[in-house]
Amino acid sequence: MRASDLIRQEIAAVFAKASEPIEARARCGPFGLRLGFASQALAGMFLPAYIQSTPQAIDLDLRFITAADHDLSALVPEAAEKPRLLIEDGIYSVWQPAVIPVLYAVDLTAKRGIAWLPKGDAPPWIRSRPAISLIQAMMHETPWCAVHAAAVGGTSGFALLAGEGHSGKTTAALACAKAGWLYAGDDFVAVDSETGRIEPLFCSARLRPALVDTFQDFIGDTTPVSDFNGEPRHELSLADLGNRIGGGKLRATFIPRRRGAATPEFTPARQSDAFRALLPTTAYELPGWPNEIAAKVARIAGLAPVFFADTGTTPMEIPSAFARQLERL
Amino acid sequence: MALTTSVPLLISQQFDSEVVLANYQNGVYYNLEGSAAQIWLGLKVNRTVEEIGSAIAAATGGDVPFITQQVHAFVDGMLAEGLIAEGAADARDEAAIANWAPVLTGAFVAPEFQRFDNLRELLLMDPVHDAGEEGWPLRETQESK
């Protein structure tokens with residue numbers, strides 16, 4: 001039996017059960033999702049990251065299950081310590097062994113997906129962007145692309161904030177959200193590579209503990225700190241922002257960096273700078289179709305003016321500086 | 001020696017006269033500008049090293065043997081970095097070959113690439129990136145079904 005046939009068969013078996021104990025609907029980028037959680041614990045783990053709403057259409061039926069709910073051990077590939085990717089006959093599947101293994105699989109024809117947690121737990125960074133690789137798989141052969149960036153929108157349009165970890169994306173995005181801007185995400189957002197439309201994928205944020213004091217009155221209660229490879233983060237839900245979790249039209253791409261400016265400063269950058277800032281984590285974390293994703297990211301990099309943004313030393317000065325820069329365009 | 005710019009796990013994007021190459025295998029990014037970008041673009045349309053050297057010399061008013069020697073050295077460097085490979089070149093697109101000409105202004109400047117190593121750390125951190133193209137080997141009990 002081919003691997004894709006077996007995975008398709010097991011997905012169908014999971015969905016043979018009419019429903020899961022906890023169900024919800026959410027929007028995720030351009031897609032409407034029906035979410036099913038096999039337990040309250042799973043819902044508590046993942047649901048806070050989703051933008052719960054009642055989408056007009058369901059593009060993906062997605063279930064979160066553990067080994068206690070369904071034995072999918074037959075899907076674990078040979079040499080289980082190695083990550084695997086399968087794209088075959090309408091099936092997209094990723095096996096992430098790591099310390100806490102996760103299996104994602106989607107039947108793109110049936111529009112059904114699963115996130116299977118053999119140990120009943122998930123790595124903390126996955127809680128802030130659950131099943132994002134399946135969402136990227138659904139974007140295959142569409143102009144949409146999930147990109148590693150933050151995005152916030154003011155009256156002049158949206159700024160896409162592209163850069164590696166520690167570049168200041170989350171600080172800038174939360175400062176803008178706190179100032180009343182629309183918030184589309186601090187880690188991954190969906191971008192239409194043809195029109196420049198930005199949509200949020202999740203309502204989560206990954207905040208470094210050092211920034212808690214800066215945003216305490218905005219974020220409210222913090223979650224426990226997760227630590228992955230020495231990268232401590234509070235995995236936050238910003239669901240309380242309500243309709244300020246939203247999208248809009250890309251107006252500029254800012255590449256945050258800290259070069260010692262006291263107040264925010266902007267320097268023109270090239271399309272290739274935006275490409276280099278957007279592609280690496282996007283490509284590494286969302287495996288599959290690397291050429292297609294690179295082509296989409298290249299188009300996104302060329303949709304709007306690009307600037308390096310030295311975000312300064314006072315986060316609360318960032319929103320007004322961003323607003324002035326966007327208005328100048 | 002036939003050369004190809006189609007290298008597994010190497011992504012290329014052209015931005016005007018600049019080329020960005022991303023090596024997904026080791027996380028190294030490269031920027032090619034000026035004559036470096038033009039050499040890579042020439043190889044992409046299957047121009048030979050000699051043809052590229054002559055074309056760049058004509059565009060910059062430089063010395064053909066000297067520039068061809070520089071192109072040779074740069075091509076060797078790209079081979080060592082895995083940015084191009086020896087092997088069957090892509091099918092020659094005669095129209096693309098005929099239309100290709102280096103876009104350069106001013107005097108010849110020796111080609112060099114900018115190398116960005118700062119993304120390698122990401123490769124060590126990320127749990128997914130190794131997911132390869134070798135498929136999804138089922139365990140024996142499943143294969144026999």
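Sequence lines set the chain letters: A, B, ... in the order given, protein chains first and strands last, and positions in each chain run from 1.
Taking every heavy atom of both residues into account, B/Gln13 and A/Ala298 meet most closely at OE1-CB, 3.2 Å.
Using a 4.5 Å heavy-atom threshold, the side chains of A/Arg270 and B/Val20 count as separate.
Between chain B and the options A/Gly302, A/Ala79, A/Ser272, heavy-atom pairs under 4.5 Å are most frequent for A/Ser272.
More than 12 non-hydrogen atoms from other residues, nucleotides or ligands lie less than 6.0 angstrom from CD of A/Glu292. Open room surrounds CZ on A/Arg259; 12 or fewer heavy atoms of other groups in view lie less than 6.0 Å from it. At most 12 heavy atoms of other shown residues, nucleotides or ligands fall within 6.0 angstrom of atom CG in B/Asp16.
Using a 4.5 Å cut-off between heavy atoms, A/Ile7 contacts chain B through its side chain alone, with no backbone atom that close. Of the atoms belonging to A/Val76, heavy atoms from both backbone and side chain fall under 4.5 Å from chain B. A/Ser133 does not touch chain B: none of its heavy atoms, backbone or side chain, sits under 4.5 Å away.
Cation-pi check for A/Arg276 over B/Phe116 is met; the charged atom lies under 6.0 angstrom from the ring centroid and within 45 degrees of its normal.
Side chain of B/Trp136 to main chain of A/Arg2: no donor-acceptor pair is present (N/O by atom type, distance under 3.5 Å, no hydrogens or angles).
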